[in-house]
Structures are given as C-alpha cells and as structure tokens.
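Take a look at the structure below.
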Amino acid sequence: MNLLSPLALRRHTARCRVVFGPHETNLGDGRAFSARHVAYYRARAEGGAGIVVTEEASVHATDWPYERCPDAEVAGPGWAAIAAACRPTGALVVAALGHSGGQGSSAYSQRELWAPSDEPEVNSREVPKVMEGADIDAVVAGFARAAATAATAGADGVEVNAGQHSLIRQFLSGLTNRRGDGYGADRSRLAREVLSAVRVALGPDPLLGLRLSCDELAPWAGLTPELAADVARELAPLVDYLVVVRGSIFSVAETRPTGHHPEGVNLELAGTIRQAIDGAVPVVAQGSIVEADQADEALAAGRCEAVEMTRAQIADAALVAKLRRREIPRPCVLCNQWCRVRDNRNPIVSCIADPRSGHETGDPAEPASGPPTHAAAGRRRPQPGAGVGAEGGPLLVVGAGPAGLEAARVAARLGLAVTVWEASAEVGGMARVVARAPGHHRFARLIDWLADDAVAHGAELVTGQPATADDLAAWAGPVIVATGGRPAPPGFEVAPGAVVLTPEAVLAADDAARAELVPESVVIWDPLGGPIAVGVAEALAWTGRRITFCTPDPIVGTLLSLTGDLPGANVRLQQAGIAIERRVLLRHAAPGTVTIEHRFSAERTELEVGAVIDCGHRLPADGPGPDGGPVGAHGLPPVRVGDAVAPRTVGDAIREGREAALALAPAGRTAAAVAVAGGGAT
Ligand SMILES: Cc1cc2nc3c(=O)[nH]c(=O)nc-3n(C[C@H](O)[C@H](O)[C@H](O)COP(=O)(O)O)c2cc1C
C-alpha cells in the first residue's frame, strides 16, 4: 500500500489515496456552484486526485456562514456539472454537507443562529437560539434532502461535517451541548440520526464519509482523543470512511495550520483513532500533509488509509500526476496567504505559489515543456553583458527573486532562450531571507523549486551578476526587470551614531554574524503588522536578548489575522518573554536609546536599547528599467515585475513574473484558459 495505490471504499475504488478535501473557495455564483468551481475541481481531478470533495454546502436555510457559501437547495446543477467534469478523469466526487450551527453568521440569513444550547459563540460572541425538536428534525431532513440531491446529480457520495465548524460537533461536545433532553443525555444522537437519514437518502451505492473533530483542544469539557475514540467507534458502522480532524471553537487556527505547526500535525491523532476503531472503516488523515514521503510513511505506519492533501493540491493541481511521473510538485509553503478566503476582503481561493489556482477559467494553463520554439531555435548560452542576435533574441531576466524566477521558468517552458542575472550570491531575493525566520522555512522549498524548474527547462542562472542600464540597452532580446525592493528610509528621526538594522540583515546573518550585528537589547519596530517583524522577533527569541516589540496597533501582527497566525504569533512572542509596547509610534533613535510615543496620550517613553530593527515598509529597488529607462536593442522597453513595481507579496511577484513571460509566448504556445459549462443554477 502506498499513496498511489487504489483504495476500496464501499462499492467504489479511489484510484489513489490522495484526497482533495472540502474547503471554502468563494468561487460561488451567489450560493450556487459556478463554472469556476467546475474548472477548479476538474484541474485537481485531471491532476490525479483520488477523491475530490466539493465545498461544503449548507443543508438548511438557517445556515449561511459566508456570502458565497453553497446552498444545497440550489446545488444540484453544480454538483452535476462537477461530477460530469471530474468523473471521466477517474476521480471520485464527493459532496461535503454541513450546518455551521452557532458558528455561522446572522449577517446573510438575517435570522438567529441555531445551536444545541444558548452558549455564546467564542469567536463571534453571538448567542444562538436553543434548537427545539422541530428544528432538529428540519436539519436532519435537510441533510437527507441534500444527500439525495447530490446522489441524483451524479456525485459518488457525500461527506458529513462534524469537524471544527459544525452543528453536529456542537452537539457532540460538552463545550456547547448543555441540553437537558435526549440530545444532551446522548450527545451523539444527532450525529446518528443524520448519518442514518443520509444513508437512507443515498441508497446503497454512494459513499458516506464523516469528518470528525477528534480533539477539540479544550479538555475541560470538549472532545478529547479518548472521548472521540468512543464517538468514532459508535459512528464508524454508519459510514464508509472517517476523516480525523482537530480543533474547535477555541482553536479555529487548527483548521489549517501554518508553517509554525509541524507538518502532518494530526497524523498521530489519526493513528490513535484508527487503532480505536480497529479497521472498521478507512481513516483519512489530514492537516499540513504537504510531502508525499510523509504521507507514505503515515500509510506504512498504519496511521491512516488515505490522506487529505488539500493545500498541497491548491499549490499544484497536478500533484498526483507529478508523483506518478516522479516529478517534484510545486510545494505548498503552508503560508495561508492566498488560500484563506474568509476575511473582510472576501477573496477567492488562490495560492501564492500558483496564482492560477482558483483562476482556472481566466488564466492560461502552465505551459508544458516542449521542443524549442522558433525564437529559441539555435539558442546559445548568452554571456553576461553580451546579447545574442538570435531571431526574437534571448530573454534577460534581471533579478532572481520569486518574480524573476517565475518569469524565467515560464519563459523557458515556452521554449525561449532565457538568462537570469542575479546581483547577489544566491537566488530567492526577500523570499529566501524570509525563509530563515521560524515557521517560514518552506519558502526556501518554493524558491528552489522555481529555480530548478527554470534550469531544467534550459534557463541559465548567473549569480553575482548585476545589470547596468548599459547592459540592458545593449541586450538583443526582451528584458524583464525583477530587481525587488529596498528598505524605505526610517519613518523616525535617527541621531548620528544610532544603530538601525534592517530585518533582512538580521535574518540573513548566521548565528556568529548575528552575535556581532545584534546587541543584547533591541527594539523591533513594526509599523506594518505583517509576518516579517514577528519573524525577526522569533528569530531572536530565546537567545537571551532583551527584546521590545513596538507596534502602533492594539495587537501584535494585526495582518496575521489573514493567515490565521494572529493568536499563535501573540502566544509565541508572549511565551518567549518579549516585551510588547502596543499603540506606540517610534519617534527617535539615538545611540543607546529609543523614544516611543503613545498614539492616544502622546506620552513619550525612552527605552535603553542598543539598536532598532526597522521592519517598516519597502520601496522598489533603484534598479535599471524605470519609466523612460533604456530601450533594448530589440526596441522594447524593459518590463518591471514584482517588488520592482511596488513591494507586495510573493504571490503578486509570482503572478506578475508569469504574466510577463506569457506575454512573450510565441503564437500557439500558451494553453488556453479552461472553458467549462456553467455549473450553477444561475
Ligand atoms: C481555503 C480553505 C478553506 C477551508 N475551508 C474548510 C471548510 O469550510 N470546512 C472544513 O471542514 N475544512 C476547511 N478547510 C480545511 C481543509 O479541508 C483541510 O482540512 C485543511 O486545509 C488542512 O489540510 P491541508 O493541510 O491538507 O490543506 C479549509 C482549508 C482551506 C485552505
């Protein structure tokens, strides 16, 4: 048994043991599945996934947790379109069904939330209505109706959610179920009623999976692994597979942990539950499984029969196909930057490593490597400073950060002759630097993957090679400028002799160099609230230094709410004994002192510190190729991408690098965006 071997499930066979798990995408057309959904799932099915589980659909009108959350009442045509698109590829299609109960939102439904008890929801603080008997019956009927709709639409089965965000878990848990009736005396009664009704509605053939939180990380009243083992034993005979997840109302971040958690974070828990149910049904493990080797080890160790690799397939839709071809998939970096969709921007699912993710209907597919094109025919390795005169000319990419590497990689795949000049000694730019901060190590995997793919397709990478304006003017082919950013001048007064360090200098230094560079006491100034300052603090934590973290915000790392790391980051900094000054502005740095000012009271405080690490914003680097810059010998001005345009995220850099390369595609070389029939009811 290995990851790529088939898995028998009821009367079905998954062609491999890799599952694309249920997740919010925001791709909906209102509350119906859309053509974008169809293309998104079809890409993973074509990419070899064994089971594709669709975005969870609400089974009752009381549940509308986010604007474009699918509604089972209108999901039939969408499920049919997804099944029609995916099943011919050999993937099984399973429709996730659920009700968020007290963890929903009243904003869209404009009505009360339903839950087992009137326990205020920990995160929204909303007090739900205690469900009455008729309400429970209506929800059970909703599950059954939705299951019948999914089966009729052609889905291979359904997966019922009793995971982190679910009414069924709220009934199973002592945290939220304080009922005095039969559903309180027997907390698994609702789960049994739902699963039994769903089985009847499905008929004998379709699959019935259960997603179960097996550790609510709230042992005072919640489901512990021991209690969950009993629940799993009781419910396993009613289902065809069990997905073991972890987390609950006090641990929402556990739903999709970042790189600060170990990879395969729930594998041990999956093994515990698998042992408890003694092989009654296959167990699917889940949680930051992003490397095939780890998944294979978990299967071999008997922890599970299959694995969800959800974000891994958001990062590379062709993950399984690549594993079969013994290629290395594009790595998920566990950053959660673009795949988390539930925030006030209401974004759609995507991925910093593959910005086409979620945009399958609009963005062209990855160019398959092919024979050299006309432009590349007869290419030779161009030497630094000398353009070659091949027709179309070779592409010069200046800067080998994520933007430059992606441009080079895609252009090389298109068959163009590509040379990359990187001024520093190693490729990766800021992403390589960030990878040195704790929890961000997988950024190095992404950089290496981009560079390896570029080289594998014939690009030449030259490090230690800056480009001058004259070089660009003399270059015979197109030029892409991806020279990244530079620190902006400090936004505070700096007296002569004050030590002001950049985060990149601190992170890039090894231990010995850091000992020289960073004094015993430092202020980390973070006017941005992103991951960098927190990363610097964590890199210096536990080294005996006296660290004071200064933020203008009421909480450290405000923007980390977008990745789910906000609570984790605050806990880690607090546990490391880092002093935190909130709601302050940094006004003045002098030798040995720093002056901060409270934002509301204007009270000033002088801190005795040896240096400031200024984690403020960045500006485009002073590289070649700004507006009106040199025009290459081929007559086109250089194209700027990534931080060289405006310092932003790795994802923006990769997207722009790719777009710039695709714009150079020889005719007929880009694969078209996916055209699919509409999946929605609209
Ligand atoms: C964008 C996104 C949305 C998610 N939404 C849900 C959800 O609605 N319900 C759910 O049970 N899990 C949800 N998850 C969790 C995934 O199903 C999966 O368990 C999680 O991503 C961890 O597995 P992974 O490390 O393989 O990605 C979501 C994950 C992501 C990335």
Side-chain angles (χ1 to χ4, degrees), residues 3 17-28 37 40 44 49 51-58 63-66 68-70 94-101 103-105 159-169 209-214 243-248 251-267 269-270 284-292 294-295 298 304 306-316 319-320 329 331-343 345-353 357-358 442 562-564:
L3 201 52
R17 292 160 189 261
V18 180
V19 179
F20 191 45
H23 57 283
E24 299 163 21
T25 66
N26 255 340
L27 294 174
H37 272 113
Y40 181 69
R44 276 72 199 174
I51 306 176
V52 169
V53 187
T54 56
E55 183 164 0
E56 179 178 317
S58 292
D63 187 39
W64 193 342
Y66 55 99
R68 280 168 270 167
C69 174
V94 167
L97 305 179
H99 190 298
S100 334
Q103 290 167 288
S105 167
E159 182 175 302
V160 169
N161 190 9
Q164 301 99 333
H165 299 90
S166 68
L167 177 68
I168 300 180
R169 183 198 50 69
L210 175 66
R211 190 174 191 79
L212 183 66
S213 178
C214 294
V243 187
V244 173
V245 305
R246 188 198 300 263
S248 174
S251 46
V252 173
E254 300 301 316
T255 310
R256 36 185 173 268
T258 64
H260 294 279
H261 288 68
E263 291 171 27
V265 62
N266 296 333
L267 284 172
L269 180 65
V284 181
Q286 167 274 9
S288 299
I289 302 171
V290 285
E291 294 292 339
Q294 187 181 45
C304 54
V307 293
E308 275 187 4
M309 296 182 76
T310 301
R311 283 172 295 176
Q313 290 174 93
I314 298 176
D316 196 333
L319 176 115
V320 176
C332 163
V333 297
L334 293 172
C335 69
N336 281 351
Q337 284 182 23
W338 280 11
C339 63
R340 256 179 71 108
V341 299
R342 197 124 45 119
D343 67 50
R345 302 163 306 165
N346 218 8
I348 67 161
V349 71
S350 194
C351 178
I352 65 152
S357 217
R442 287 188 64 84
L562 301 178
T563 67

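Numbering of ligands and ligand atoms starts at 1, following listing order. Hydrogens, waters and symmetry mates are skipped; everything else that's a heavy atom, side chains included, is used.
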Nearest non-hydrogen protein atom, atom 8 (O) of ligand 1
Glu24 CG, 3.3 Å
Could you tell me which atoms of ligand 1, counted from 1 in the order shown, lie closer than 4.0 angstrom to a heavy atom of Pro22?
6 (C), 10 (C), 12 (N), 13 (C), 14 (N), 16 (C), 17 (O)
Within the side chain of Asn336, is there an N or O that forms a donor-acceptor pair under 3.5 Å with the backbone of Arg256?
yes
Could you tell me whether Glu254 and Arg246 have a side-chain N and a carboxylate O separated by less than 4.0 Å?
no
So do the side chains of Val349 and Glu24 get within less than 4.5 Å of each other, counting heavy atoms only?
no
Looking only at protein heavy atoms, what sits closest to atom 20 (C) of ligand 1 is Thr255 O, 3.4 Å
Could you go through Ser213 and Gln164, starting from their C-alpha distance and side-chain angles, then the distance that decides it, and tell me whether this counts as side-chain hydrogen bond (donor to acceptor under 3.5 Å, both in side chains)?
CA-CA 6 Å; Ser213 178; Gln164 301 99 333; over 6 Å; no
Do His23 and ligand 1 have an N or O pair less than 3.5 Å apart?
no
Indicate whether any N or O donor in one side chain lies under 3.5 Å from an N or O acceptor in the other, for Arg44 and Thr310.
no
Donor-acceptor under 3.5 Å (Asn266 side chain, Val245 main chain)
no
Closer than 4.0 Å to some heavy atom of Gln286 - which atoms of ligand 1 meet that?
18 (C), 19 (O), 20 (C), 22 (C)
Below 3.5 Å, N or O to N or O, backbone or side chain included: is there any such pair between Ser288 and ligand 1?
yes
Check if Gly287 has a non-hydrogen atom at a distance under 4.0 Å from any atom of ligand 1.
yes
Considering non-hydrogen atoms of the protein only, which is the closest contact for atom 28 (C) of ligand 1, and what is the distance?
Arg256 NH1, 2.9 Å
Considering distance alone, does some N or O of Arg340 sit under 3.5 Å from an N or O of ligand 1?
no
Ring-face cation contact, Tyr66 with Arg68, 6.0 Å cut, 45° max
no
Looking at Met309, which atoms of ligand 1 are within less than 4.0 Å of one of its heavy atoms?
26 (O)
Is a salt bridge present between Arg17 and Glu308, judged by a nitrogen-to-oxygen distance below 4.0 Å?
no
If you compare Glu56, Arg311, Arg342 by their heavy atoms, the one closest to atom 24 (P) of ligand 1 turns out to be Arg311
